[in-house]
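Right, one structure below, let's go through it.
These values consider heavy atoms only, across backbone and side chains, with no hydrogens, waters or symmetry-generated copies. Chain letters run A, B, ... following the sequence lines, proteins first, then strands; residues in each count from 1. No experiment lies behind these values; they were computed from the predicted model shown.
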Number of protein chains: 2
Amino acid sequence: MSNITAIAKRAKVSRTTVSRVLNNHPYVNTEKREAVLKVIEELNYVPNLNAINLSRGRTNVFGVIVPKIGHPFFSNLIEGIGKACNKHNYSLLVHQSNNDPKTELEFFNKLKYKMIDGLILGSSVSPTGVIDELSHFGKIVSCEYSDSSKVAKVFVNHESGIKMAVDHLKDQGHQEIGLCIGNPKSGVGITRKKSFFNLQKEYRLSWRDDWYFDKRYTIEDGAEVAKTIFGQPSRPTAMVVGNDHVATGMIYEAKKQGVKIPEELAIIGFDNQPISEVVELTSINQPIIEIGETAANLLHSIIQNQTVPFINTIELELIKRKST
Amino acid sequence: MSNITAIAKRAKVSRTTVSRVLNNHPYVNTEKREAVLKVIEELNYVPNLNAINLSRGRTNVFGVIVPKIGHPFFSNLIEGIGKACNKHNYSLLVHQSNNDPKTELEFFNKLKYKMIDGLILGSSVSPTGVIDELSHFGKIVSCEYSDSSKVAKVFVNHESGIKMAVDHLKDQGHQEIGLCIGNPKSGVGITRKKSFFNLQKEYRLSWRDDWYFDKRYTIEDGAEVAKTIFGQPSRPTAMVVGNDHVATGMIYEAKKQGVKIPEELAIIGFDNQPISEVVELTSINQPIIEIGETAANLLHSIIQNQTVPFINTIELELIKRKST
DNA sequence: ATGAAAGCGCTAACAG
DNA sequence: CTGTTAGCGCTTTCAT
């Protein structure tokens with residue numbers, strides 16, 4: 001395990017010079033540079049990043065925290081972040097929290113303890129106070145809405161997503177539109193719910209309380225929702241569904257029962273997952289990879305002290321298929 | 001930015017003692033311990049992991065390299081790895097290579113340069129020689145077959161997967177079975193192809209060259225394959241398809257053309273992706289998360305110098321649905 | 001139980 | 001262009 005000192009001795013130069021060669025500094029005599037390079041070769045020298053990091057006071061590593069890596073949203077987000085990290089020569093430390101605050105705090109320490117230069121919140125369950133305090137230790141970018149004024153943000157405009165969906169259905173003549181979402185207490189859930197009901201009032205759409213469903217996440221959940229709807233005396237003519245899998249389940253149940261889509265029930269999903277293509281589901285696409293890339297680029301810029309927009313929204317797009 | 005020296009001074013003890021308190025060593029007088037803890041509190045002390053890593057000569061970080069994080073296989077693999085890392089108090093550095101050898105080498109340096117204590121190869125395109133040489137710098141676990149004898153391995157038995165599929169179809173009375181795979185030159189592709197044709201001979205099944213397809217990856221590819229098959233004068237009664245998406249495309253094309261599944265064509269896919277549930281596709285499930293967990297646990301054990309099996313295979317399972 | 005001292009391996013301000 | 005010197009912050013013998 002040769003180090004810079006051994007190189008210096010053998011090449012008969014100072015450690016500084018070796019360091020300069022290593023870091024491609026200018027102002028090094030060609031002869032010395034070559035002598036150093038030769039010794040480096042001979043001794044199979046490899047640098048020690050921990051020493052470099054300690055000395056420089058930074059690591060060129062970003063961290064990202066998500067509830068679950070295997071979730072399509074988050075894996076695509078991380079893919080985007082990773083792409084941007086590669087571009088900027090940063091490494092990426094990934095942590096999954098399972099939405100457990102304790103596990104989150106542990107990871108936050110990586111920022112405090114200087115193991116990462118910046119942090120991206122894929123999704124966090126920690127209170128604003130915790131995030132605010134953490135921001136003293138390094139730059140933070142959030143990929144979801146956050147009350148903290150200390151973190152930069154990149155997220156999709158969920159309000160506009162709902163509007164896009166409702167407008168599309170309204171344009172097709174629907175007046176009786178139901179809503180089905182996932183976790184009603186998450187940031188996204190709250191926003192979607194609020195936006196939906198605001199629009200519903202604004203457009204003076206019909207409404208019945210049994211047109212609303214939440215905590216639905218899976219294909220099976222969707223099938224069950226559809227069953228419930230079809231069993232009701234008065235059903236909506238269209239449904240806005242916060243998740244393509246749930247929407248898919250609904251389509252399948254409809255087919256099973258011979259209910260025609262979209263004639264008897266129009267369905268619009270969210271996220272434009274691969275599955276939506278298969279079942280020809282109209283869906284609101286979030287360019288997730290782009291969000292990740294933007295987040296990492298933003299973090300990088302902030303760390304370089306560049307002036308950049310602190311809050312960034314990414315626009316959604318409607319992918320029209322046969323379910324509407 | 002207070003450090004251990006400041007703590008020591010203020011608490012009127014040596015830096016050693018502070019270090020002992022920090023690391024929960026025994027043999028520290030209770031009074032001194034409390035004095036130190038008090039000062040730590042007062043000064044808002046936070047440890048510096050780079051210094052610790054440098055001093056200890058390790059980082060408690062594992063690295064994993066994959067071609068693309070967003071790919072369902074790899075995101076689930078990483079989820080499993082992350083789960084095990086959390087358990088062992090390791091962090092996880094994730095790198096995506098896009099199957100580019102140069103990018104891979106860059107990441108491999110993280111092991112050489114002591115930034116990570118061990119490396120998991122989700123998938124690698126580097127030649128055996130490179131991996132062998134890299135193994136001098138740290139422990140490596142591969143999640144795919146590898147010629148290198150220096151790396152521990154955890155992977156699914158693709159041979160048994162094909163056997164499972166063919167046996168299932170044979171049990172259902174099929175004698176005319178076609179094959180459709182992805183990249184025929186990848187490790188998985190080679191193995192699947194070989195296993196299939198071995199079995200086909202062993203079981204004396206019928207065969208026609210136009211029952212074979214490769215380089216098919218998407219739903220559209222599947223639809224096209226189905227079209228080709230249905231246009232043939234003599235078609236197989238069953239197809240083994242290396243990918244659920246492709247199989248799904250086939251099912252859709254069949255439905256479109258009114259070809260009955262499984263009566264006129266039985267189809268069996270691989271990976272048991274969410275989509276297979278929707279289209280009721282029989283599929284061979286790989287417990288991917290488990291592979292990831294096993295890989296990380298293995299790496300951890302190896303680093304602890306525990307004696308563990310060097311090559312581990314994970315068993316597949318057949319998920320029977322209506323397409324067979 | 002405690003502390004002095006010697007690292008870990010590299011960077012960077014400064015002087016020349 | 002080059003070297004001296006002083007860190008970066010923590011761990012770990014070793015002696016007491």
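Between B:Thr17 and C:dG3 there is a side-chain N or O to OP1 or OP2 distance below 4.0 Å. Remark: B:Lys114 is not in phosphate contact with C:dG9, judged by side-chain N or O atoms under 4.0 Å from OP1 or OP2. For C:dT2, one of the phosphate oxygens OP1 or OP2 lies less than 4.0 angstrom from a side-chain nitrogen or oxygen of B:Asn29.
With hydrogens and angles disregarded, no donor-acceptor distance shorter than 3.5 Å links the side chain of B:Asn157 to the backbone of B:Glu315. Looking only at distances, no side-chain donor or acceptor of B:Asn98 sits under 3.5 Å from a matching main-chain atom of B:Asp100. A donor-acceptor pair is defined here as one N or O able to donate and one able to accept, closer than 3.5 Å; such a pair exists between the side chain of B:Tyr217 and the backbone of B:Asn183. For A:His71 (side chain) and A:Phe73 (main-chain N/O), a donor-acceptor pair under 3.5 Å exists by modelled atom type. No donor-acceptor pair closer than 3.5 Å links the side chain of B:Asn109 to the backbone N or O of B:Lys112.
The aromatic rings of A:Tyr145 and A:Phe155 stand perpendicular to each other, their planes meeting at an angle above 60°, with 30° marking the opposite boundary. A:His95 and A:Phe107 have parallel rings, their planes meeting at less than 30° on a 0 to 90° scale where 60° marks the start of perpendicular.
A:Pro47 comes within contact range of the sugar-phosphate backbone alone, with a heavy-atom separation under 4.0 Å but no base atom that close. When heavy atoms are screened at a 4.0 angstrom cut-off, A:Val18 is found touching no nucleic acid atom at all. Using a 4.0 Å heavy-atom criterion, one finds that B:Tyr113 contacts no nucleic acid atom at all.
Summarising the geometry, the separation between CD1 on A:Ile52 and P on D:dG9 is reported as 17 Å, rounded to the nearest angstrom. Atom C1' of nucleotide C:dC10 and atom CG of B:Asn48 are separated by 14 Å, given to the nearest angstrom. A:Asn60 places its CG atom 13 Å from the P atom of C:dT11, with the value rounded to the nearest Å. Rounded to an integer number of Å, the gap from A:Glu34 CD to D:dT2 P is 12 Å. For the pair B:Lys9 NZ and C:dT2 P, the computed distance is 21 Å after rounding to whole Å. Taking atom CD1 on B:Ile40 and atom C1' on D:dG9, their separation rounds to 14 Å, with Å as the unit. The CG-P distance, from B:Asn3 to D:dT11, rounds to 12 Å in whole Å. In this structure, CG of A:Asn50 is placed 13 Å from P of D:dT11, rounded to the nearest angstrom.
Listed nucleotides D:dC10, C:dG9, C:dT2 differ in distance to B:Leu54; the shortest reach to its side chain belongs to C:dG9. Counting only heavy atoms from C-beta on, B:Ile4 has its side chain closest to D:dC10 among C:dT2, D:dC10, D:dG3.
Toward the 5' end of DNA chain C, the nearer of the two residues A:Tyr45 and B:Val28, judged by each one's closest nucleotide, is B:Val28.
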Between protein and nucleic acid, restricted to nucleotides 12-16 of chain D and to nitrogen or oxygen atoms under 3.5 Å apart, what atom pairs and distances do you find?
residue	atom	partner	partner atom	Å
D:dT12	O4	B:Thr16	OG1	3.2

